[in-house]
Amino acid sequence: MKKPAPTLWWVRRDFRLADNPALAHAIASGGPVVPVFIHDDSVANLGAAPKWRLGLGLEALAASLEDAGSRLILRKGDALDVLRDLIAQTGAKSVTWSHAYVPDAIERDTKVKAALTDDGIAAESCAGHLLFEPWQVETKAGGFYKVYTPFWRAARDIPVAACLPAPTEIAAPQDWPHSDNLADWKLGEAMSRGADVVRAYACVGEAAAEQRLADFLDGPIEDYREGRDFPSRNVTSGLSENLTYGEIAPRRLWHAGRQALEQGAAGAEHFLKEVVWREFAYHLAYHTPRMLTRSWREEWEDFNWRGDNDDAEKWRRGMTGEPMVDAAMRELYTTGTMHNRSRMIAGSYLTKHLLTDWRVGQAWFEQTLIDWDPASNAMGWQWVAGSGPDASPFFRVFNPETQAEKFDGSQNYRDLHLKGGEDEEGRNPAEDFYRAIPKSWNITDKTPRPDRIISLKEGRERALAAYKGAKEQG
DNA sequence: TACACCTTTGC
DNA sequence: CAAAGGTGT
């Protein structure tokens, strides 16, 4: 009997073996599987931290593929060219991959699928990055949702299929095609800040993500409902980093969360809601892709935002003189993530007190976050700026001092990032910050804390006046 | 059409 | 208690 032809599994943002429909589909073809990751423009265009973190994820995926008797083939170039080349070399008759939902990737995938189909190759794109396809959730009138709560109510009862088990053995081809060396890609090259510093805060790979979930379910989920708003309480799951690279499946979180809910875990419903916020971001980005680059509400395109400016540079460096904002910005630079509460406070300060275009903040987060996600980042910034659907109204100006008193009353968070001291893992984020920053910033632990850029009262009034003026201009 | 509702607020 | 206005049923 003739052996079935190989299948290419085009790895994209699904760095896992468990519950991976595209991989499962490739295996189900019955022949050998050739996993390939392609460094194309979508990788070249990533921000510094996401690109570096992607490399760590690739390393981990390659190792787990090897444990399963397989390999990860790395290739650089145009996706279609690379796939055709590999098809010619391996004799593959089919290609599988996971859906993407942002415009450039959709455009690329559409072209690739048509071309491969023309070539007589079976091209199969699978779900897997999301729980619900963006077109699957509809209002009663047949449109897409613009408000989170109705979206949540519609989504929460949609049945979600069970997770697929991880394969223990993946059939290898007779001959492996050539692979680039990961190190030659220099994915960390743009990390001008100390990558070794950030590395200590990253949590890489499928096994680590599973452990993280287990740890979360084992305790923090009980305090999640109240505690998740407090940056110094470690009760968030931290899984956004792993979701971004597909190191854990959203379905895995969904079923784990549902089970916790049934068992009466206090924060389980809120955890599920957060998973669905990520879905909502992709729902919006899919139906209104302009959200990724332009104000969702058109009238905000006429708002007189300040472009990039010296105050924004102080904001990036954590030198605004506003302790809660500066702690947040240092957390970002040192650890590659930022607590959600801090994101709102820092975002509100940039867009309102400093009247700076939300895209300046979006761009900085894109460079610095290791959990960067195009849809969530755009949605978050437009929410805080007031320019998005279902956004916080512009006149809702966060007062960083009030927020600090309310959500960091102990000062633990500000102290940890501004003064020093060890976190639960024995790391010292404040010291790490000085090791991470470029010399050109000229900041040391001797640098005195700066004065405020603008008083909170004046900043608030200036923002409200700008908003009122824009509204009157129509 | 009417009506309830909208993650995360400040003062 | 003030601050709009849109969304979804």
Are any of [X]'s side-chain N or O atoms less than 4.0 Å away from OP1 or OP2 of [N]?
| X | N | value |
| --- | --- | --- |
| A:K471 | C:dA4 | yes |
| A:N399 | B:dC11 | yes |
| A:Y148 | C:dG6 | no |
| A:Q403 | B:dT8 | no |
| A:R460 | B:dC11 | yes |

Checklist entry - Is the Lys NZ or Arg CZ of A:K352 less than 6.0 Å from the centre of A:F398's six-membered ring, within 45° of the axis? => result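 No, A:K352 does not lie over the aromatic ring of A:F398.
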
Item to check | A:K146 NZ/CZ over A:F144 ring centroid, <6.0 Å and within 45° of normal | outcome: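 The answer is yes, since A:K146 meets both limits relative to A:F144.
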
Next on the checklist: Need the pair for B:dT8. Rule: Watson-Crick or G-U wobble, both distances under 3.5 Å, any strand; none if unpaired.
Outcome noted: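 None - no nucleotide pairs with B:dT8, as no candidate has both distances under 3.5 Å.
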
Next on the checklist: Counting only Watson-Crick pairs (N1-N3 plus N6-O4 or O6-N4) and G-U wobbles (N1-O2, O6-N3), all under 3.5 Å, who is the partner of C:dA3?
Outcome noted: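 By the stated definition (distances under 3.5 Å), nothing pairs with C:dA3.
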
Rounded to the Å, how far apart are [X] [atom1] and [N] [atom2]?
| X | N | atom1 | atom2 | result |
| --- | --- | --- | --- | --- |
| A:R396 | C:dG5 | CZ | P | 15 Å |
| A:F395 | C:dG5 | CZ | P | 9 Å |
| A:W300 | C:dG6 | CH2 | C1' | 15 Å |
| A:R153 | C:dT7 | CZ | P | 16 Å |
| A:I345 | B:dT8 | CD1 | C1' | 10 Å |
| A:H339 | B:dT8 | NE2 | C1' | 11 Å |
| A:W296 | C:dT7 | CH2 | C1' | 10 Å |
| A:W152 | B:dC5 | CH2 | P | 18 Å |

Item to check | Pairing of A:D432 and A:R435 as salt bridge, 4.0 angstrom limit | outcome: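 Yes.
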
Next on the checklist: Between A:E274 and A:Y224, is the side-chain hydrogen bond (donor to acceptor under 3.5 Å, both in side chains) condition met? List the steps.
Outcome noted: CA-CA 11 Å; A:E274 292 304 321; A:Y224 189 69; 4.7 Å; no

Checklist entry - Just checking A:F394: base, sugar-phosphate only, or nothing, at a heavy-atom cut-off of under 4.0 Å? => result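 Counting heavy atoms under 4.0 Å across all strands, no contact is made by A:F394.
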
Next on the checklist: So A:E274, base contact, sugar-phosphate only, or nothing? Heavy-atom distance under 4.0 Å.
Outcome noted: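 Base contact.
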
To the side chain of [X], which of [options] is closest?
| X | options | answer |
| --- | --- | --- |
| A:T402 | B:dC6, B:dG10, C:dT9 | B:dG10 |
| A:R341 | B:dC6, C:dA4, B:dT8 | B:dT8 |
| A:F398 | B:dC11, B:dC6, B:dT8 | B:dT8 |

Checklist entry - If we take the P atom in both C:dA4 and B:dC3, what is their distance in whole Å? => result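 Between the two P atoms, the distance is 23 Å.
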
Item to check | Under 3.5 Å donor-acceptor, A:E210 side chain and A:I248 backbone | outcome: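 Not confirmed, A:E210 side chain does not pair with A:I248 backbone.
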
Checklist entry - Where does the angle between the aromatic ring planes of A:W300 and A:F303 fall among parallel (under 30°), tilted (30 to 60°) and perpendicular (over 60°)? => result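 Rings of A:W300 and A:F303: tilted, 30 to 60°.
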
